[in-house]
Structures are given as structure tokens and as C-alpha cells.
Amino acid sequence: MTDNRDILITEVALRDGSHAIAHQYTVDQVLNVAKALSDANVPYIEVSHGDGLAGSSLQYGLSKTDEMKLIEAAVSVAGESKIAVLLLPGIGTLHELKEAANLGAKMARIATHVTEADVSAQHIAYAKELGMETVGFLMMSHMAPVDKIVEQAKLMESYGADTVYTVDSAGYLLPDQVRERIRALKQSVGVNVGFHGHNNLSLAMANTLAAIDEGANRIDGSVRCLGAGAGNTQTEVLIAVLERMGIQTGVDLYKMMDLAEEIVAPILHVPQEITRDSLTLGYAGVYSSFALHAKRAAEKFNVDSRDILIELGKRKVVGGQEDMIVDVAAEIAKARMK
Ligand SMILES: CC[C@H](O)CC(=O)C(=O)O
Ligand SMILES: [Mn+2]
């Protein structure tokens, strides 16, 4: 593996991308994608249900394949790359974390709502005990002021996180807002700082570059943008842009392009675009993974999915409250009948 990397990329298509295909990954798809990512020298490859370990459920969406089988498959072809898993405390437990570590996962990313870092303490500590590298992943970062994010990141650092992330789950943040968050984290924590963007307002690349400019050295990307909502910062494009800027990622651009075109594009049910629904997510500040749930609820209640998303934004609904999507759709349908 190349040592002189300025930025370490975590590829999230096999986790965040799972939202975009309703968690229908097969072992063969994961083998092919993970092998190609490893051949391209991507340092970290995240594999889990879209909502993290143990996310497979009626509430979040049932996986086609047990995620442990997917993790095992990815590990078998990972070579020098490290397999990462995502865990949201309350959805996943220490049990799944141990199972993933036993299968060979080397990094645990513990994700909480931006104001709830305290629930990550035991998961971060346990992941360290298991010998894993740990990341504190502060989701929906647009919903808290900068000083709150710093406070929460410091908590994660105190639990043992090696890296803390600002996560723009809704694809809502503007580049200046990313800058102020990353700058404050760089000034306040002693660990690596990372950024995870969503492209709902077509700002994932601009936001990622702003984060890097402020000193973030851990960056998430998704090949062919495969992620929730309009997807994430497109990895192969990011590699090209960073190469032009003289920033080393150690990732092979041509191999990433080939993977995107030949292996990942055929997996996509529909091309990853900024649709009216994903644009509404970014505009209203709604969790990107709500998009498919809102679409289904809109069809069921014959209402406009944008009205559902705007209302969810007003109510400041966060991850874990997916059941509210149906409630809101039903309320909108009922109000229309009056
Ligand atoms: C449901 C977990 C979520 O997809 C994590 C994430 O990638 C984000 O908040 O953007
Ligand atoms: Mn995401």
C-alpha cells in the first residue's frame, strides 16, 4: 500500500450505496466491487447494511444477503485494503461489532446523531478492545452549531476515537458551513478529522474540497455516487480532482474509472441523479436515507413526496424516526380530504 497519502479515502458504496439499491447487494457484487477497490489501492472499504450493522429490518429495509456474509466476502478479497463497518448504537450492538471484527473488519465507524455522542462510548471502547481503528461519525451535522459539534467530537475523542467526522447526512451544508465545522474541529481535537458529504444540492465535491482545505485528512467517497439521496462525493471524480491539485490519495484513477463504468454502473437500479426528491432532501435538511421511504409512503397515500420531506424537515426528524414518514404521509392525505 502506498504510504505517502495526503488523504485517506473511505469508499462507502458498499454501505451508503446500499440505501440506493434498497439493501439488495449480493455476495458476488460485493466480491467484484471490493476486489476492484482493493486493486485500485483504496485504503478503506465500508461494508454494512445502509443503516449500519443489524440494520436489516422492516423499519429500515430488509437486506437481500446477511451483511456478515458480505463482510466476509469483502475481507476475502480486500488484500491491503481494510474493511470498515458502520454501527449506529441502538440499531447495532456489541455482538455484531464482535462478529464483524472476528470476520476481519479492521475499522469501526460509530455513528450518532450530532448531539448524541454520549451513546457511542461503549461501542468505541469495545472496538478499541477488539483491536479496531475507530471513527466517531457525527450525523446530521447541519442540525447543531459549531460549538456543539466540537463538544460532541471531544466526547468521542475521549472515548478513544482515532478520527472524528462531520457528516452532512442531508446534503444540506454549504461550503462555508463545512469550513467552519472542520476548522473548529481541527483547532479543538487531537485526532484525525474527516468529512462525509451527500450531493443533494450538488455540493458534495465543493464541500469535500472545503473540508480538505481546512485540514480534513479522512474523506468519504462513493464510486459512481452510489449512496443515499443523490449519493455521496463521487470517488473516481474526487481522485481525479485531487490528483490535479497535487494531493496524493494513492488511489489508481484509471482502475477507479473502470470499476465505476463496468462493475458499479450495472448494479444501479437507476442512474444516481439529483431528482426532485433528493433535491428536496438537501433543501429541507432531511436525512438522505429517508428518500426511498418517503417515495413509498407518497405512493401509498397518493401524496407528493416533496410535501412529506418538507414536513419532516420542519419537524426536525432524525435517523431512527423512519416510522414518522408514514405518519406524516397519512396526515397530509387526511388534511387534503377535509
Ligand atoms: C443511516 C445511517 C446513515 O446512512 C449514515 C450516513 O451515511 C449519513 O448519516 O450520511
Ligand atoms: Mn451518508
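Both ligands and their constituent atoms are indexed starting at 1 by order of listing.
- The nearest N, O or S atom of H19 is not closer to the Mn ion (ligand 2) than 2.8 Å.
- Atom 2 (C) of ligand 1 has its closest protein heavy atom at Y287 OH, 3.6 Å.
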(message) With salt bridge (charged side-chain N to carboxylate O under 4.0 Å, His left out) as the criterion, how do K69 and E99 come out once you've worked through the C-alpha distance, each side chain's angles and the decisive distance to 0.1 Å?
(response) CA-CA 11 Å; K69 290 207 162 47; E99 207 177 337; over 6 Å; no

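- No continuous path of ILVMFWY side-chain contacts below 4.5 Å connects L203 to V241, so the two sit in separate hydrophobic clusters.
- The aromatic rings of H49 and H19 sit perpendicular, their planes meeting at an angle over 60°, well past the 30° parallel limit.
- Counting protein heavy atoms only, atom 7 (O) of ligand 1 is closest to R15 NH2, 2.8 Å.
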(message) Let's go through R224 and E236 carefully: what are the C-alpha distance in whole Å and the side-chain angles of both, what is the deciding distance for salt bridge (charged side-chain N to carboxylate O under 4.0 Å, His left out) to 0.1 Å, and is it a yes or a no?
(response) CA-CA 7 Å; R224 203 77 177 200; E236 64 279 23; 5.4 Å; no

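- The part of H198 lying near ligand 1 is the side chain, judged by heavy-atom distances below 4.0 Å.
- The closest approach between G52 and ligand 1 stays at or above 4.0 Å for every heavy atom of the residue.
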(request) Mind running salt bridge (charged side-chain N to carboxylate O under 4.0 Å, His left out) on E157 and K154 for me, showing each step along the way? (result) CA-CA 5 Å; E157 181 180 24; K154 280 181 162 173; over 6 Å; no

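- Considering backbone and side-chain N/O of D51, none are found under 3.5 Å from N/O of ligand 1.
- The distance from the CG atom of L185 to the CG atom of L138 is 8.0 Å, given to the nearest 0.5 Å.
- The shortest N or O to N or O distance between H196 and ligand 1 is below 3.5 Å.
- Below 4.0 Å from some heavy atom of V167 lie the following atoms of ligand 1, by number and element: 8 (C), 9 (O), 10 (O).
- Aromatic ring orientation, F137 versus Y165: tilted (interplanar angle from 30° to 60°).
- Closest protein heavy atom to atom 9 (O) of ligand 1: S169 OG, 2.6 Å.
- No hydrogens or angles considered: a donor-acceptor pair under 3.5 Å links the side chains of H198 and N232.
- Neither the backbone nor the side chain of Y60 comes within contact range of ligand 1; no heavy atom lies under 4.0 Å.
- In terms of polar-atom proximity, defined here as any N/O pair under 3.5 Å, D168 makes no such contact with ligand 1.
- Counting just the N/O/S atoms of D16, the one with the shortest distance to the Mn ion (ligand 2) is named OD2.
- The protein heavy atom nearest to atom 4 (O) of ligand 1 is H19 NE2, 3.0 Å.
- Atoms CG and CG, on N207 and L174 in that order, are 7.5 Å from each other to the nearest 0.5 Å.
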